[in-house]
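We use all heavy atoms of the structure for the numbers below, so side chains are in, but hydrogens, waters and symmetry mates are not.
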Amino acid sequence: MRFDTKEFGSRIRDLRKKKGITQEQLSMMLNVSTNHLAKVETGSRCCSIELLQEISDCLNVGTDYLLNGNAPHNNHLRERLMVLAQELERLTMDLPAWG
């Protein structure tokens with residue numbers, strides 16, 4: 001598999017936009033110039049591993065997704081949601097009836 005800098009940058013841009021963050025805001029969070037971030041997002045420049053990790057943290061995604069587009073396995077999230085749903089159901093059963 002060949003690393004595609006344009007796809008990498010596109011994933012960053014799309015995630016940033018979904019979160020409602022401007023390039024200026026993300027570049028400030030990452031402590032890089034807006035120009036550098038713009039070049040990363042267009043694929044004309046790559047970034048260091050350290051910056052990759054910081055981008056991953058800021059956008060709340062795994063580095064594997066940013067690098068390869070591989071979505072994380074959501075099994076652990078699904079299991080956690082099921083436990084939380086059961087806990088919520090238990091808690092609501094203990095509440096007094098309204099009205």
Pair H36-L51, side-chain contact (heavy atoms from CB on, under 4.5 Å): steps then yes or no: CA-CA 11 Å; H36 180 72; L51 183 56; 3.6 Å; yes
If you measure from [atom1] on [X] to [atom2] on [Y], what distance do you get to the nearest 0.5 Å?
X   : Y   : atom1 : atom2 : answer
Q86 : M82 : CD    : CE    : 5.5 Å
F3  : N68 : CZ    : CG    : 8.0 Å
C58 : L30 : SG    : CG    : 4.5 Å
E41 : C47 : CD    : SG    : 11.0 Å

Measure from the side-chain N and O atoms of [X] to the backbone N and O of [Y], and report whether any donor-acceptor pair falls under 3.5 Å.
X   : Y   : result
R11 : Y65 : yes
T92 : L88 : yes
S56 : L52 : no

Pairwise side-chain contact, [X] with [Y], heavy-atom cut-off 4.5 Å (strictly under):
X   : Y   : result
N31 : E54 : no
R13 : R16 : yes
T63 : I49 : no

Heavy-atom pair of closest approach, residues Q25 and G20: OE1-O, 3.8 Å
